[in-house]
Undergrad: 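The structure follows.
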2 protein chains.
Amino acid sequence: MHSPKRLLFLDFVLSVFRLNGLLISEGDAMTEKLGLTSARWKVIGAIALSSKGLTVPGIARVLGQSRQAVQRITDVMVSDNLLFYQVNPRHKRSVIVTLTDAGTEIYNLLREVQDPWALGTTEDIPIEELESALRLVRRLIQKFDK
Amino acid sequence: MHSPKRLLFLDFVLSVFRLNGLLISEGDAMTEKLGLTSARWKVIGAIALSSKGLTVPGIARVLGQSRQAVQRITDVMVSDNLLFYQVNPRHKRSVIVTLTDAGTEIYNLLREVQDPWALGTTEDIPIEELESALRLVRRLIQKFDK
DNA sequence: CCGATAATGTCAGCATGTTGTCATTGTTGT
DNA sequence: ACAACAATGACAACATGCTGACATTATCGG
């Protein structure tokens, strides 16, 4: 038998690989004028979206990456004065990564590019399709994230 | 206004990043016993799926990657005797990347792991949802792939 | 309270992707 | 045919991710 489902899924997997690469390119293009890169975009986004302070391993958990990879990025962003490490009252060694004023400003500028991009990209896509696809992606993430 | 669509899409984007990482991990785990990695998995899959012979830049186009990245992988796979470079009658310098017998054998072994993985992962997902999500991903790829 | 376990920071090595550059080879339009 | 342009191979520099290893610090169970 041919199992169209198997082929469909493999096609989906390859397409996710490809979309991932294209999204990184989009992120790089969007953030270029702000002196960011897609990796820094991810980190700054994770921090800005979290209500409570995040530690480096915390950001890594949100992004699904290794803490070492995140640490490398945040170290550079601290020396670029976009972030600073704030004393964590709940943990002596694990500091809280916080946006500096400059970092907040960059994030606001970022949103001025990012928001129109998000809206423009999805303007001809029904919200139901987006929700449905997100549910599927989340379901797969849950399956693999153990 | 809050524009739930914008937030929905950004959530989708972050989820794609995360799924991408998890799929690479899955690929690494699946191919480990075969002496492959996810990068080689992609290349060997692209070659096996193409009816005509593919050149290195051709594989790169299929995968949506730079030809240099693919070249590096294929060079290693040639020295590992999984691939060989075949004279291309249509181009004096650009050789055709071909599976050796050993490479074909690995690919067959790979399928014995990959097919159950694909079926198992999707067994509780309706085929319509998969198709719908793939359509959306393809649509985004088309939008960004210029 | 104390020992075992988990979490964190740090450093190192490596895999995989990017871009840039340059010489060479193909292709195409006039 | 020839000149302009595109595609390819090769090499280099770099960004971003991974894992492993080790010391230190927190947390938890007895």
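Only this structure's heavy atoms are used, side chains among them; waters, hydrogens and symmetry mates stay out. Every chain is numbered from 1 and lettered A, B, ... according to where its sequence line falls, protein lines coming before strand lines. This structure is a prediction, so every number in the text was calculated from the model and none was measured.
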Undergrad: Of the candidate nucleotides D:dT8, C:dG9, C:dT18, which contains the atom at the shortest distance from the side chain of B:Q65?
TA: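 Within the option list, the nearest is C:dT18.
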
Undergrad: For A:R61 and B:A39, find the nucleotide of DNA chain C closest to each by heavy atoms; which residue's nucleotide sits nearer the 5' end?
TA: A:R61

Undergrad: In whole angstroms, how far is the P atom of C:dT19 from the CG atom of A:D28?
TA: 8 Å

Undergrad: Side chains of B:L82 and B:L99, heavy atoms from C-beta outward: is any pair under 4.5 Å?
TA: no

Undergrad: Ignoring backbone atoms, test whether B:S38 places a side-chain nitrogen or oxygen under 4.0 Å from the OP1 or OP2 oxygen of C:dT16.
TA: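 No.
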
Undergrad: Nearest-Å distance, CZ (B:F17) to P (D:dG17)?
TA: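 So the two atoms are 9 Å apart, to the nearest Å.
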
Undergrad: Is A:S66 near enough to D:dG17 that one of its side-chain N or O atoms lies under 4.0 angstrom from OP1 or OP2?
TA: no

Undergrad: Taking any heavy-atom pair under 4.0 Å as a contact, classify B:T37: base, sugar-phosphate, or nothing.
TA: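 Here B:T37 touches the backbone only, sparing every base.
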
Undergrad: Does C:dT16 have OP1 or OP2 sitting under 4.0 Å from an N or O in the side chain of B:R40?
TA: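 Looking at the OP1 and OP2 atoms of C:dT16, one of them is under 4.0 Å from a side-chain N or O of B:R40.
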
Undergrad: Nearest-Å distance, CE (B:M77) to C1' (C:dT16)?
TA: 14 Å

Undergrad: Taking C-beta and beyond as the side chain, do B:Q114 and A:L10 meet within less than 4.5 Å on heavy atoms?
TA: yes

Undergrad: Hey, which sits more toward the 5' end of DNA chain C by its nearest nucleotide, A:V95 or B:I73?
TA: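 This one resolves to A:V95.
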
Undergrad: Answer yes or no: is there a side-chain heavy-atom contact under 4.5 Å between A:W41 and A:L34?
TA: no

Undergrad: May I ask you to test the A:V70-A:V56 pair for a side-chain heavy-atom distance under 4.5 Å?
TA: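 Yes. Closest side-chain heavy atoms under 4.5 Å.
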
Undergrad: Over how many whole Å does the gap from B:E32 atom CD to D:dC18 atom P extend?
TA: 16 Å

Undergrad: Compare the minimum distances between each of D:dC18, C:dG9, C:dT16 and the side chain of B:R72, then state the nucleotide with the smallest one.
TA: C:dT16

Undergrad: Calculate the interatomic distance between B:W41 atom CH2 and C:dT16 atom P; express it in whole Å.
TA: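 Rounded to whole Å, this separation is 13 Å.
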
Undergrad: Let me know the distance between CD1 of B:I24 and C1' of D:dG17, rounded to the nearest Å.
TA: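 Atom-to-atom, B:I24 to D:dG17, this comes out as 9 Å.
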
Undergrad: In whole angstrom, what separates A:Q71's CD from D:dA15's P?
TA: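 Spelled out: CD on A:Q71 to P on D:dA15 is 18 Å.
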
Undergrad: Are A:F17 and B:I24 side-chain neighbours, meaning at least one heavy-atom pair lies under 4.5 Å?
TA: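 A side-chain contact exists here, since the closest heavy-atom pair is under 4.5 Å.
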
Undergrad: Quickly work out the B:R67 CZ to C:dG17 P distance and round it to whole Å.
TA: 16 Å

Undergrad: Are OP1 or OP2 of D:dG9 and a side-chain N or O of B:S94 less than 4.0 angstrom apart?
TA: yes

Undergrad: Please state whether the phosphate of D:dA15, meaning OP1 or OP2, lies under 4.0 angstrom from any side-chain nitrogen or oxygen of A:K42.
TA: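 Checking A:K42 against D:dA15: no side-chain N or O falls below 4.0 Å of OP1 or OP2.
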
Undergrad: Which part of the nucleic acid, if any, lies within reach of B:Q68 when heavy atoms closer than 4.0 Å are counted: base, sugar-phosphate only, or nothing?
TA: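 Counting heavy atoms under 4.0 Å across all strands, the contact made by B:Q68 includes a base.
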
